[in-house]
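Here is the structure we will look at, set down as structure tokens.
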2 protein chains.
Amino acid sequence: MYTIGQVSDMFNLPISTLRYYDKEGFFPNMERKGNIRYFSDSEIEAIHVIECLKKSGLEIKDIKQFFKWVTEGPSSYPDRKQLFETRKEAVIAEIKHLEKTLAMLEFKCWYYDKAIADGNEDGINAMLPDKLPKDIQKLYNKAHKL
Amino acid sequence: MYTIGQVSDMFNLPISTLRYYDKEGFFPNMERKGNIRYFSDSEIEAIHVIECLKKSGLEIKDIKQFFKWVTEGPSSYPDRKQLFETRKEAVIAEIKHLEKTLAMLEFKCWYYDKAIADGNEDGINAMLPDKLPKDIQKLYNKAHKL
DNA sequence: GCTTGACCTAAAGTTAGGTTTAGGTTGTAT
DNA sequence: ATACAACCTAAACCTAACTTTAGGTCAAGC
């Protein structure tokens with residue numbers, strides 16, 4: 001059993017955020033003694049799931065729906081499975097997008113290394129858009145496809 | 001040369017967003033005929049860079065700073081290089097975080113597949129936290145480390 | 001000559017996801 | 001018994017990055 005302050009330290013989440021999540025209904029079975037919240041392993045796991053779903057791009061209102069499904073028991077297993085499946089696809093797509101972003105950043109690092117070495121961008125611009133060194137050309141193409 | 005509507009279609013960005021970027025100073029050399037904006041290849045490349053920096057987690061005000069550096073010429077090459085270097089590290093970290101997220105999502109897909117097959121979560125809970133099948137255990141551990 | 005579509009501006013409005021404020025309780029160390 | 005830290009609530013507030021609104025210009029087609 002953990003207090004809100006301990007959980008805050010554990011996850012590096014502000015106490016106010018944990019209270020906000022509670023108000024949103026993300027800890028439907030949390031214990032209280034007097035007025036004070038006590039987080040058990042079940043709430044700790046809930047926070048792992050919240051962080052995961054948030055990072056996957058899900059909105060708070062849909063995370064709420066997930067916890068509503070949890071309270072409904074086994075009949076909602078297929079809905080929950082579908083949710084995770086959909087989020088998985090979204091995260092895979094997001095990683096792909098970030099890899100394209102990374103290609104652009106690596107291209108630009110090369111670009112400015114060369115600009116610093118040359119003192120200007122003329123040499124680079126003469127190579128654009130398709131006469132770059134082979135590896136750099138790959139980055140450029142990945143970064144610029146629509 | 002492209003009109004704002006053509007650029008909007010090209011990048012799937014609302015016209016209002018392109019006007020907003022212009023107001024923020026992201027197209028310092030854009031041509032106008034009368035009151036109408038014309039986007040050249042240089043503005044198209046600027047949009048690629050904006051999208052990249054945005055995706056890397058940079059705020060609008062810092063993207064503004066980047067375009068200020070661009071207008072300052074070669075003396076700001078090192079600043080620009082440093083910016084892209086820093087963003088590159090940020091994106092690498094972000095991809096790592098998303099891979100952890102993906103591990104959780106894959107674990108949960110397995111979890112609910114099994115819960116659906118079993119009709120309950122008892123069998124799974126008996127395996128937690130360290131008696132899961134080997135591959136699944138790996139996902140679980142990756143997803144749950146702090 | 002009028003309607004339609006694509007462009008324009010300035011300024012107000014929106015939204016999600018918290019965060020801060022103001023005021024109050026509780027438990028333990030001095 | 002008093003001070004300090006850690007907890008509590010309800011409600012107001014905040015911020016970034018757009019988006020919408022209201023009102024206007026202009027060229028082309030019918």
Side-chain angles (χ1 to χ4, degrees), chain A residues 1-40 43-44 46-68 87 90 94 97 101, chain B residues 1-40 43-44 46-68 87 90 94 97 101:
Chain A
M1 294 296 235
Y2 309 93
T3 64
I4 201 167
Q6 290 172 318
V7 176
S8 165
D9 290 346
M10 193 180 303
F11 285 91
N12 259 302
L13 283 172
I15 288 177
S16 61
T17 301
L18 293 168
R19 293 208 182 104
Y20 166 70
Y21 287 169
D22 187 24
K23 201 162 55 171
E24 293 300 306
F26 293 176
F27 311 119
N29 305 314
M30 189 158 53
E31 257 193 68
R32 292 208 181 208
K33 283 178 185 154
N35 217 356
I36 295 181
R37 295 171 181 86
Y38 287 93
F39 293 72
S40 72
E43 279 75 42
I44 300 298
I47 296 172
H48 280 294
V49 173
I50 293 162
E51 294 275 273
C52 165
L53 290 175
K54 224 175 23 149
K55 197 74 193 169
S56 85
L58 205 67
E59 288 173 35
I60 294 295
K61 70 163 165 7
D62 296 317
I63 301 183
K64 217 175 213 167
Q65 174 63 62
F66 171 75
F67 284 104
K68 214 181 132 208
R87 289 298 92 206
E94 178 71 0
H97 194 162
T101 300
Chain B
M1 295 296 238
Y2 309 93
T3 65
I4 201 167
Q6 291 172 319
V7 176
S8 165
D9 290 345
M10 194 181 303
F11 285 90
N12 259 303
L13 283 172
I15 288 175
S16 61
T17 301
L18 293 168
R19 293 208 183 104
Y20 165 70
Y21 288 167
D22 186 23
K23 201 164 52 175
E24 293 300 307
F26 293 176
F27 310 119
N29 304 314
M30 189 158 53
E31 256 194 71
R32 290 205 182 211
K33 284 178 183 153
N35 216 357
I36 295 181
R37 295 171 181 85
Y38 286 92
F39 293 72
S40 71
E43 280 73 46
I44 299 299
I47 297 172
H48 280 293
V49 172
I50 293 162
E51 294 274 273
C52 165
L53 291 175
K54 225 178 20 151
K55 197 74 193 170
S56 85
L58 206 67
E59 289 173 34
I60 295 294
K61 71 163 161 14
D62 296 318
I63 301 183
K64 217 176 215 166
Q65 173 64 62
F66 171 75
F67 283 105
K68 215 181 130 208
R87 289 298 93 206
E94 178 71 1
H97 194 162
T101 300

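Below, chain A is the first sequence line, B the second, and so on; all start at residue 1.
- Remark: aromatic rings of B:F27 and B:F67 are distant, center separation not under 6.0 Å.
- Residue B:K33 contributes atom NZ, which lies 14 Å from atom P of D:dA27 at whole-angstrom precision.
- Residue B:R37 places at least one side-chain N or O closer than 4.0 Å to OP1 or OP2 of C:dT9.
- Nearest approach of A:S56 to A:A90, heavy atoms of both residues: O-CB, 4.2 Å.
- Checking D:dC8, C:dC8, D:dC18 against the side-chain heavy atoms of B:I60 singles out D:dC18 as nearest.
- Side-chain contact between A:D62 and A:F66 is absent, with no heavy-atom pair separated by less than 4.5 Å.
- Side-chain nitrogen and oxygen atoms of A:T3 include none within less than 4.0 Å of the OP1 or OP2 phosphate oxygen of D:dA6.
- Salt-bridge formation is not detected for the pair A:R19/A:E24: no Lys NZ or Arg NE/NH1/NH2 atom is positioned less than 4.0 Å from an Asp or Glu carboxylate oxygen.
- Ion pairing of A:K55 with A:E94 is absent here, as no side-chain N (NZ or NE/NH1/NH2) approaches a carboxylate O to less than 4.0 Å.
- Following rounding to the nearest Å, A:K64 (NZ) and C:dG18 (P) show an atom-to-atom distance of 12 Å.
- Using a 4.0 Å cutoff on non-hydrogen atoms, the parts of residues 13-22 of chain A near DNA chain D are A:I15, A:R19, ordered by number.
- A straight line from CE of A:M1 to P of D:dA6 spans 21 Å, rounded to a whole angstrom.
- Looking at heavy-atom distances under 4.0 Å, A:K61 makes no contact with the nucleic acid at all.
- Counting non-hydrogen atoms under 4.0 angstrom, A:K54 reaches the backbone sugars and phosphates but no base.
- Seen from the ring of B:F26, B:K64 does not count as a face-on cation partner, given the 6.0 Å and 45° thresholds.
- Phosphate contact (OP1/OP2 of D:dC8, side-chain N/O of A:K23, threshold under 4.0 Å): absent.
- Looking at the side chain of B:R32, the nearest of the listed nucleotides C:dT9, D:dC8, C:dC7 is C:dT9.
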